[in-house]
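Down below is the structure, laid out as structure tokens.
Chain letters run A, B, ... following the sequence lines, proteins first and then strands; every chain starts at 1.
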There are 2 protein chains.
Amino acid sequence: MNTLAEENYLKAIYKLSLAAGNVSTNQIAAELATKASSVTDMVRKLAEKALVNYTRYQGVSLTKAGEKVALNIIRRHRLWEYFLVEKLHFKWDEVHDMAEEMEHISLTELIDRLDAFMGHPTRDPHGDPIPDCDGNFKVSELKPVSSVEVNTAGVISGVRDHSASFLQYLERQQLTIGKHIIIKEVISYDNAVILEMENTQIQISRDVANNLLIAL
Amino acid sequence: MNTLAEENYLKAIYKLSLAAGNVSTNQIAAELATKASSVTDMVRKLAEKALVNYTRYQGVSLTKAGEKVALNIIRRHRLWEYFLVEKLHFKWDEVHDMAEEMEHISLTELIDRLDAFMGHPTRDPHGDPIPDCDGNFKVSELKPVSSVEVNTAGVISGVRDHSASFLQYLERQQLTIGKHIIIKEVISYDNAVILEMENTQIQISRDVANNLLIAL
DNA sequence: TTGTATTTTTAGACAAGTCTAAAAAAATAA
DNA sequence: TTATTTTTTTAGACTTGTCTAAAAATACAA
């Protein structure tokens, strides 16, 4: 098994890899609120365990094995988030930090039963896909509201920003997962977007439109 | 908050305190499968945090604060055990080690909601009482089968040995929590006990009778 | 292409928690 | 009461994961 610190590194590297290809020491340090020198040390250990590819000064990427571990951590995280919202009735902006703690419980049998108990959910409360026990999940074809044509209709299905403040804002506007919306207009001055939802018009900023994902 | 190691020491000291008064370094070392020298070091730290009373060569006892922390860990452990059995359908002999890992998740709000989700259970799957969030629990008046008179009737309500092998044995004999039994006879030769349960006679050894607790 | 700025790594140190071996204290036996 | 055994503590070392400060490599600008 891997230590808690190792798991956090693998998760961070996975997350950063989705954007860039090779991940730099500094990026990881920023993500984990630690120092680049600490990252160098840890990345060495992970390379020895064949969980990452690493050559000095060249950045890091996950090996197949490392990716599998990372996806397993993400699976655990998202299943616990689902549990916290669906069973314990926490709000979607409250569960991230709790799940961060619970994701390190790695008994396979426990996680599989938790999964079954909840009916094998495929998405967490923020719309992110939950990998199965082999790390497979269907890649979602979600688009930011800011990227679609006027008059497009879609269903709110995910967010790019997981911060509590963003989620709370969406909640207040009732822009929650599952809601049907139509993009009515983009204000050319500031790129604000006007949506129609349940026969009401809502205006959201460019920033919000960028972080709100819909399925068409 | 306390570290994982600190929590394990507090729990061990609490457990050992139930039998003896002051707990010795060696006892703690045995309980935690570590060395007496390590115990001395850790006990010093706990004393500095005012969680234990300690004077060199005199053994250790929990302070009020230390006891409260210990009871909180036990609360978490037993609530998770209940969850694993009642919701995830694990067997009572499978949950101890899993709960050992989960008990260190210490977010108060989460534990309280878990408690509510399960309907505020008062006993874990082995019949042990679950302390409330202030550490209070009702002391149970349970007696080992080996200690009661012939012809006494009672309800199986707890165990003193929590090992998987003992629990599996009881399960196989159907001697599970809630069953009504009558002590029919004690064999003078080896102190084996003959019980009646659901109109059937069952013989159990002195050892088993010693570790099986009933409410009268 | 040379010099400067930035990024990354190395070197050495520290805290937590553990260990072994040896010393000190307490308990037990003669 | 003195000697022996057992328990407990001390001293010093090791591992994991972190840090700071300095050195090395790379990237960027003129």
Under 4.0 Å between a side-chain N or O of [X] and OP1 or OP2 of [N]?
X	N	value
A:Ser38	D:dT18	no
A:Lys45	D:dT16	no
A:Tyr54	C:dT9	yes
B:Ser24	D:dT8	yes
B:Tyr57	C:dA23	no
B:Thr25	D:dT9	yes

Would you kindly give the [atom1]-to-[atom2] distance between [X] and [N], to the nearest whole Å?
X	N	atom1	atom2	answer
A:Lys49	D:dT16	NZ	C1'	12 Å
A:Ile28	D:dG17	CD1	C1'	15 Å
B:Asp41	D:dA11	CG	C1'	10 Å
A:Asn22	D:dA27	CG	P	12 Å
B:Glu48	C:dG17	CD	C1'	15 Å
B:Met1	C:dA16	CE	P	17 Å
B:Asn26	D:dT6	CG	P	12 Å
A:Gln58	C:dT8	CD	P	10 Å

Would you mind telling me which of [options] lies closest to the side-chain atoms of [X]?
X	options	result
B:Arg56	D:dT18, D:dT9, C:dT18	D:dT9
A:Ser37	D:dT9, D:dG17, D:dA21	D:dA21
B:Thr34	D:dT9, C:dT18, D:dT18	C:dT18
B:Lys35	D:dT20, C:dC19, C:dG17	C:dC19

Decide if the gap between the ring center of A:His126 and the ring center of A:His96 is smaller than 6.0 angstrom.
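Ring centroids of A:His126 and A:His96 are no less than 6.0 Å from each other.
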
Whichever of B:Thr55 and A:Thr3 has its nearest DNA chain D nucleotide further upstream toward 5':
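On the 5' side of the pair lies B:Thr55.
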
A:Arg75 and its salt bridge (charged side-chain N to carboxylate O under 4.0 Å, His left out) partner, picked from A:Asp124, A:Asp132, A:Asp112, A:Asp134
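Single salt bridge (charged side-chain N to carboxylate O under 4.0 Å, His left out) partner of A:Arg75 among A:Asp124, A:Asp132, A:Asp112, A:Asp134: A:Asp112.
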
Cation-pi between A:Lys45 and A:Tyr9: NZ/CZ under 6.0 Å from ring centre and within 45° of the ring axis?
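Relative to the ring axis of A:Tyr9, which defines the angle, A:Lys45 lies outside at least one limit.
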
Can you tell whether the side chains of B:Glu81 and B:Arg76 come within less than 4.0 Å, N to carboxylate O?
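No, this pair does not count.
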
Donor-acceptor check, side chain of A:Glu6 to backbone of A:Thr3, threshold 3.5 angstrom: yes or no?
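A pair under 3.5 Å: yes.
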
